[in-house]
Amino acid sequence: MAELLTLAEAVRQLVRDGDTVALEGFTHLIPVAAGQEIIRQGRRDLTLVRMTPDIVYDQLIGAGCARKLVFSWGGNPGVGSLHRFRDAVQNAWPARLEIEEHSHAGMANRYVAGASGLPFAVLRGYVGTDLVHQTDTIKPITCPFTGETLTAVPALNPDVTVVHAQRADREGNVQIWGLLGVQKEAVLAAKRSLVTVEEIVDRLDPKPGAITIPGWAVTCVAEVPGGAHPSYAQDYSERDNTYYQEWDAISRDRTTFATWLEKLK
Amino acid sequence: MAELLTLAEAVRQLVRDGDTVALEGFTHLIPVAAGQEIIRQGRRDLTLVRMTPDIVYDQLIGAGCARKLVFSWGGNPGVGSLHRFRDAVQNAWPARLEIEEHSHAGMANRYVAGASGLPFAVLRGYVGTDLVHQTDTIKPITCPFTGETLTAVPALNPDVTVVHAQRADREGNVQIWGLLGVQKEAVLAAKRSLVTVEEIVDRLDPKPGAITIPGWAVTCVAEVPGGAHPSYAQDYSERDNTYYQEWDAISRDRTTFATWLEKLK
Amino acid sequence: MTYTSDEMMTVAAARSLDDRAVCFVGIGLPSTAANLARRLHAPHLVLIYEAGAVGAKPDRLPLSIGDGILGETADAVVTVPEIFNYWLQPGRIDVGFLGAAQIDKFGNINTTVVGDYADPKVRLPGAGGAPEIAASAKEVLVIVRQNTRAFVEKVDFVTSVGYGDGAGYRERLGLPGKGPVKVITDLGILEPDPDTRELTLTAIHPGVSLDQVRKATGWPLRVADDLPTTQAPTDDQLRALRALKEAK
Amino acid sequence: MTYTSDEMMTVAAARSLDDRAVCFVGIGLPSTAANLARRLHAPHLVLIYEAGAVGAKPDRLPLSIGDGILGETADAVVTVPEIFNYWLQPGRIDVGFLGAAQIDKFGNINTTVVGDYADPKVRLPGAGGAPEIAASAKEVLVIVRQNTRAFVEKVDFVTSVGYGDGAGYRERLGLPGKGPVKVITDLGILEPDPDTRELTLTAIHPGVSLDQVRKATGWPLRVADDLPTTQAPTDDQLRALRALKEAK
């Protein structure tokens, strides 16, 4: 069964300097509070993994926690660019940020391979794109039956995956519903995992569209109501679109970002 | 959207002599009525595909519809052997039956590859077993990143897949709940598909644990209440364990089977 | 009714979608056009969003690719790996509907970097789902505002392949889909030349001059011999579009 | 209380399961033993059935691998591909619990054919989930009635690998799991010799003679120097087993 801890304690136990860390969430259920706790605890040299790095990754990058980003789409959804991400890539501020760039299909399949205990995944992808020239993590593979050439990508197996979910019971069984993203795969692919939840309940009542991740497959669970803010948790909170818009101004400038960061700590 | 037809009409339109046909169902929701309609319509030279061929495949084989069976476990669950299947393999009665034999993991992944538009799937499987010596559909494959050797199996893409589900709406959207087996993958892997359902309803109300296959991804839907008998449809019917037991006696002997077959027609 | 050039573009894009088509849409202009089509001539358009919504029927515009309204109104909610593996990859998508930061004369799309990849002038968001949509959807529609920053002779980085370097390129690579069949802009509509695959102006929006389109294009633009003027948006179409944009 | 040899076997098998272990079980003897353990000393045993039930807690014995009670009581219901790919293959299963039609002195299992594959004497059901359970579960338990038809020197067909031809075989093949650590029969318990991996009798059930075990084994059976007698089933264990078998 998963250990039930406070967010600070869970991050302290699970996330170490130099780790490969995936905070997954596909617009819905983004584990923002956990990401900000990683900033507070001053983790360094992280390889951050995520299909859709958005504000919380901008914050982690701006705060100097990351040395590398593995991703497929980085932006402030519905608003524009991630300025801290851009500043890191274009100007190496606050530090050089190595990038390993994929498509969504590739990233999703890399998690699936990781969750499946396979070293690689096969897909129809990347053919003719310049992405293949920028990384050694995209290679051709030949079908042993038809001779056809397809594309292989290596498994993702983060040291730690962090996701946010609606609720868990006291055994740490986690229930998630609404848009499910790639969270289950990211948890199952990881060596250690933390799930922050809106609430811990005695019993997980059945719910249409819900999936359960068994507590014995999760390392820690922390109750963090609103832990997905400014993203949302279906049936618990609404997306705070103003925060996304305001982040554009805060993050555009190093000084306003520094002020924001001071306040966070 | 899927076409709504009678069972007889749907089988007539979709299943042709010589086709590769998968009637899937993992103990739950076995499309028995559709299989018996295939017998009634006298289809021949079918390649039958199924992870767990049980009574309805015993019937199809005994009736002489099949020339080949692709499978991973063939038995009368909880009772014993399939006598018609045995008679075909051991004595070529009523006809020689070619077999292509896999493990469950391999069959499941073959459907996944089929549903995914890939020519093959990769798994950790079959290593050290004698299954690899009996078919050319199990081959080694090397990870282009780690050099590790894994196993590849070719995609399954049936000409027709038939499954049974609880209900569909008038657009042919299909709702299935309870144990899901590999039915969705088998439908998506097929060139044509038929879903028999307990009932056609105006609206598919949300239901915990239910999945939906969109009507535009299904060829035909036929309303066949009790179409899974003697297996069951969760929340509609119970498994008829007596039928399974009685089948042992009926099928053991060619004459009693012939009598049964006459009655079916 | 008067209308903006963006409204013309969105209506023209919506018109390009047939009823009952299965359409893989991104947020922004593609989503707006697809939902407009659903409110007009294509009520049974099947909208697929990469966050996992199959058959979404939002009654307002989703604000993000993972807006709750998508899952709540969908025929089926599936995982992100499933969207790409079971739905896009096998060729179940009739129309892939993409935007672009840069597009070149062979319909190749760049959403990765302006300038050099290692030392970019502008770092863009990246690929998202686009490379595989561009490869595997039966047809691709692109909706993008036309100007010389966006319409370049050759993209700095091929994020999503159009026709590569011209005729035969997709076939040589074995890409399953047809590629971009229409690029719909705020000035007109471009289609690939049947022989060379070079994007060619095949319709011009009302009130737009040919010179204006040429000046907004970063290469010597080819123009169809017969260049019809796009039908202006009808009042019904404009009302539906405005209602859609105002719905909360 | 008196008991049958089958009851002894089932109780001995149940005792081999630790609480909170994650156990992949087949229908029949393995399922009965695992559910008995859950009613006795291992209430948190996690039962995984290949039909897609993770954490099933049936209050009666499932009649088939897809019995509705499995899904209804499970922590999670997943598809069959997911059971094998996400749960078994990555090594999340502590104990794979298998039956056998034939088992040989190196713990290899045959459930495919008796005789020649192309022209079999008896065609058996086939592999099912067993080959990958035998390969990938951290440990394998086998439960099987002991007689010379089942216990053969060399299986006619290797459906599921035990220790192949002896020590080092699994390592050479790179199989992730440890292999069969215990074979529990109606006569006693066999374990692989630490050096040779040959199945060796390490416990004998009460009232069974060594001669009886040797006669039920199709090869010259090795016997541990120290051969304890299995503890007889307690009354509590027997009552729990009988209640389980009677529950509808």
Side-chain angles (χ1 to χ4, degrees), chain B residues 25-30 51-52 54 71-78 80-82 85-86 88-90 99 101-109 111-112 115 123-131 133-134 148-149 177-185 209 211 231-232 234-235 238-239 241 244, chain D residues 27-28 49-53 62-68 70-72 74 77-85 88-90 108 110-113 117-136 155-162 164 169-170 173-176:
Chain B
F26 209 92
T27 313
H28 183 209
L29 292 173
I30 300 169
M51 292 185 66
T52 54
D54 65 350
F71 77 113
S72 41
W73 190 91
N76 183 340
S81 294
L82 294 178
F85 163 59
R86 269 199 179 177
V89 173
Q90 297 176 197
I99 60 179
E101 191 163 0
H102 279 265
S103 67
H104 278 353
M107 284 292 282
N109 276 294
Y111 279 123
V112 169
L123 74 155
R124 297 185 184 280
Y126 301 99
V127 175
T129 74
D130 283 335
L131 291 164
H133 306 122
Q134 301 300 336
E148 197 184 345
T149 303
W177 63 88
L179 294 168
L180 302 170
V182 72
Q183 280 97 306
K184 179 170 164 180
E185 285 76 14
I211 60 164
S231 84
Y232 72 105
Q234 191 176 314
D235 297 330
E238 296 285 325
R239 190 170 191 265
N241 295 305
Y244 282 86
Chain D
I27 288 298
Y49 288 84
E50 65 192 13
L63 290 164
S64 74
I65 199 73
D67 193 315
L70 298 175
E72 287 160 25
V77 172
V78 302
T79 65
V80 167
E82 181 176 329
I83 276 285
F84 287 100
N85 291 346
L88 175 61
Q89 185 166 266
N108 303 299
N110 174 15
T111 55
T112 304
V113 285
Y117 187 81
D119 184 20
K121 249 193 294 195
V122 185
R123 172 66 230 196
L124 300 166
E132 284 75 25
I133 296 172
S136 290
V155 288
D156 293 353
F157 189 97
V158 179
T159 313
S160 304
V161 185
Y169 186 87
R170 290 184 73 89
L173 261 53
L175 297 173

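Here is the naming used below: chain letters follow the sequence lines, and residue numbers restart at 1 for every chain.
- Interface summary for chain B: among D:Gly164, D:Gly52, D:Gly68, the most heavy-atom pairs under 4.5 angstrom belong to D:Gly68.
- In this structure, the side chains of B:Trp73 and D:Glu50 stay at 4.5 Å or more apart for every pair of heavy atoms.
- The backbone N or O of D:Val158 lies less than 3.5 Å from a partner atom in the side chain of B:Asp130, making a donor-acceptor pair.
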Check step by step if side chain to side chain contact (heavy atoms under 4.5 Å, CB included) holds for B:Leu123 and D:Gln89. CA-CA 8 Å; B:Leu123 74 155; D:Gln89 185 166 266; 3.5 Å; yes
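- When heavy atoms are compared at a cutoff of 4.5 Å, B:Tyr126 approaches chain D by way of both its backbone and its side chain.
- Residue B:Tyr232 touches chain D through its side chain alone, counting heavy-atom pairs closer than 4.5 Å.
- Ranked by heavy-atom pairs under 4.5 Å with chain B, the first of D:Pro125, D:Gly71, D:Gly126, D:Ala127 is D:Pro125.
- Most heavy-atom pairs under 4.5 Å with chain D, from the set B:Ser81, B:Pro77, B:Ala105: that is B:Ala105.
- Looking at B:Leu29 and B:Gln183, their side chains come closer than 4.5 Å, going by heavy atoms from C-beta outward.
- For D:Glu132, the part lying under 4.5 angstrom from a heavy atom of chain B is the side chain only.
- The residue among D:Thr111, D:Asn85, D:Val77 with the most heavy atom pairs within less than 4.5 Å of chain B is D:Asn85.
- With a 4.5 angstrom heavy-atom cutoff, D:Ala135 does not touch chain B via any of its atoms.
- Within the 3.5 Å criterion, the main-chain N or O of B:Met51 finds a donor-acceptor partner in the side chain of B:Ser72.
- The backbone N or O of D:Gly162 sits less than 3.5 Å from a side-chain atom of D:Arg170, completing a donor-acceptor pair.
- Comparing B:His133, B:Met107, B:Glu185, B:Glu148 by heavy-atom pairs within less than 4.5 Å of chain D, the highest count is held by B:Glu185.
- Contacts of B:Arg124 with chain D are made by both backbone and side-chain atoms, with heavy-atom separations under 4.5 Å.
- Only the side chain of D:Leu175 comes within contact range of chain B, judged by heavy atoms closer than 4.5 Å.
- With a 4.5 Å cut-off on side-chain heavy atoms, B:Val182 and B:Phe26 do not count as touching.
- Per-residue counts of heavy-atom pairs under 4.5 Å with chain D were compared for B:Leu180, B:Val112, B:Val89; the largest is that of B:Val89.
- Looking at heavy atoms from C-beta onward, B:Ile30 lies in side-chain contact with B:Asp54 at the 4.5 angstrom threshold.
- In this structure B:Asp235 satisfies the side-chain hydrogen bond (donor to acceptor under 3.5 Å, both in side chains) test together with B:Trp177, B:Lys207, sequence neighbours excluded.
- Neither the backbone nor the side chain of D:Glu82 comes within contact range of chain B, judged by heavy atoms closer than 4.5 Å.
- Side chain of B:His28 to backbone of B:Gln234: a donor-acceptor contact under 3.5 angstrom is found.
- For the side chain to side chain contact (heavy atoms under 4.5 Å, CB included) with B:Thr129, the lone residue among D:Thr159, D:Val161, D:Thr112 that qualifies is D:Val161.
- Listed options B:Arg239, B:Glu238, B:Gln90, B:Arg86 were ranked by heavy-atom pairs under 4.5 angstrom with chain D; first place goes to B:Gln90.
- Neither the backbone nor the side chain of D:Val113 comes within contact range of chain B, judged by heavy atoms closer than 4.5 Å.
- For chain D, the nearby parts of B:Val127 are the backbone and the side chain; heavy atoms of each come within less than 4.5 Å.
- With a 4.5 Å cut-off on non-hydrogen atoms, B:Tyr244 does not touch chain D at all.
- Only the side chain of D:Tyr169 comes within contact range of chain B, with heavy atoms under 4.5 Å apart.
- Using a 4.5 Å cut-off between heavy atoms, D:Tyr117 touches chain B through its side chain atoms alone.
- Remark: D:Ser136 pairs with D:Leu88, D:Pro176 by the side chain to side chain contact (heavy atoms under 4.5 Å, CB included) rule, at least two apart or across chains.
- Heavy atoms closer than 4.5 Å to chain D are found in the backbone of B:His102, but not in its side chain.
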Any chance you could lay out the side chain to side chain contact (heavy atoms under 4.5 Å, CB included) test for B:Leu82 and D:Arg123, step after step, and finish with the verdict? CA-CA 9 Å; B:Leu82 294 178; D:Arg123 172 66 230 196; over 6 Å; no
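- Proximity to chain B is limited to the backbone of D:Asp67, based on heavy atoms less than 4.5 angstrom apart.
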